[in-house]
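Have a look at the structure below before the remarks.
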Amino acid sequence: MTLAPIPDRGGPAQPLLLVKDLSKHFGKSGSVVRAVDGVSFAIRKGETLGIVGESGCGKSTTSRLIMGLIDPTAGEVIFDGEHVGPGGLSVAEFRRQVQMVFQDSYASLNPRLTISESIGFAPRVHGLSREATNARVRDLLAAVGLEPDQFAQRYPHELSGGQRQRVNIARALALRPRLIILDEPVSALDKSVEAQVLNLLVDLKAEFGLSYLFISHDLNVVQYISDRVLVMYLGRVAEIGPVDDLYAHPSHPYTRALLASRPSMDPDHRRTTPPLTGDPPNPVNVPSGCRFHPRCAQVMPKCSAAEPEMVKINADHQAACFLAETVPA
Ligand code: SF4
């Protein structure tokens, strides 16, 4: 067995991952937590889709639902045109093609396994010979910037946080996946190390022909790494669009408030929009109508009565707000 890369099926126009109406409600009627509530989006082949939002917005639950780590209340995941689950692509095969990297680099690694054993574990389970596995481990360590002779036999506690996260990335690449879900992968790292790991991710994406789903609360990091950005608020998509368009012309008051809340280094580019105020989102008590209405600077009477539909701003940019308007091409 060679564990060869999995070939493309539907061509470049077919999304790599489609998420349709995904929901996860916890608890019983009366006190239902709507962690994710009807989320739909696509990840295109070769792109990085960033998901941004405050804690409690449902972004991490979304990633766990996609991976099948928790069962959805409703919704469907389609990978390269194939439904994931009974009658379609098996969860085992899906998990070979889609890997995850988490925030906590230490908890993700078995402290009793050497770095080499950790990275080689999945290829060995999938039947790769010991020799081929060792060669792959060395190639992967080199690819993530860790000298194989120096690091292969070390244990996780002998590494820095940044080095451990590089090992986790190497491990995620070991089965030659097509999509990597990165859930706050640099949030625990120092700023200088964060930049190095982000640059590494950019290089690896090109080298291995990957697509990324990149989840973060940090708007600057998401701006740097993403091709398109999805803004989540209380389990719903508030806005989605190409990174430059969305950051330059945010259409949802929540996106505007999020962007206004981040510190600007340039006094000429200070934003005039009021920053975020009010209570942070709480998925136990989801407000009626537009979920953002208790915190929205532009709230109108109808906002608490009805939920706004997604409005197409332009071909690739949408926002769920009554004030969002289509911009003529
Ligand atoms: Fe604000 Fe109303 Fe738009 Fe919601 S629908 S974001 S409350 S203006």
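All ligand and atom numbering here is 1-based and tracks the order in the structure. Worth knowing before you read on, the calculation uses all heavy atoms, side chains too, and leaves out hydrogens, waters and symmetry mates.
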Legend entry - ligand 1 atoms in contact with His252 (distance to a heavy atom under 4.0 Å): 6 (S)
Legend entry - Sidechain N-carboxylate O distance under 4.0 Å for Arg44, Asp227: no
Legend entry - Donor-acceptor pair between Arg262 and Gln223 side chains, under 3.5 angstrom: yes
Inset, instruction - Please state which part of Lys302 comes within less than 4.0 Å of ligand 1, counting heavy atoms only: side chain, backbone, both or neither. - result: neither
Inset, instruction - Determine, for Phe208 and Lys205, whether the Lys NZ or Arg CZ falls below 6.0 Å from the six-membered ring centre while staying within 45 degrees of the axis. - result: no
Inset, instruction - May I ask you to list the atoms of ligand 1 that are less than 4.0 angstrom from any heavy atom of Gln298? - result: 8 (S)
Inset, instruction - Could you tell me whether any N, O or S atom belonging to Cys290 is less than 2.8 Å from atom 4 (Fe) of ligand 1? - result: yes
Inset, instruction - Starting from atom 1 (Fe) of ligand 1, find the nearest protein heavy-atom neighbour and note its residue, name and distance. - result: Cys296 SG, 2.3 Å
Legend entry - N, O or S atom of His293 closer to atom 1 (Fe) of ligand 1 than 2.8 Å: no
Inset, instruction - Apply the test side-chain contact (heavy atoms from CB on, under 4.5 Å) to residues Leu141 and Glu147: give CA-CA distance (whole Å), side-chain angles for both, the deciding distance (0.1 Å), then the verdict. - result: CA-CA 7 Å; Leu141 278 172; Glu147 172 56 47; over 6 Å; no
Inset, instruction - Check each atom of ligand 1 against the heavy atoms of Phe322 and keep those under 4.0 Å away; list them by number with element. - result: 3 (Fe), 5 (S)
Inset, instruction - State whether a side-chain donor-acceptor pair under 3.5 Å links Asp80 with Gln14. - result: yes
Inset, instruction - Return yes when at least one N/O/S atom of Cys303 is nearer than 2.8 Å to atom 2 (Fe) of ligand 1, and no when none is. - result: yes
Legend entry - Ring geometry between His157 and Tyr155 (parallel below 30°, tilted from 30 to 60°, perpendicular above 60°): parallel
Inset, instruction - Please identify which atoms of ligand 1 are closer than 4.0 Å to at least one heavy atom of Pro253. - result: 1 (Fe), 6 (S)
Legend entry - Cys321, portion touching ligand 1 at heavy-atom distance under 4.0 Å: both
Inset, instruction - Check each of Ser288, Pro287, Cys296 against Ser304 using the side-chain contact (heavy atoms from CB on, under 4.5 Å) test, and report the only one that passes. - result: Ser288
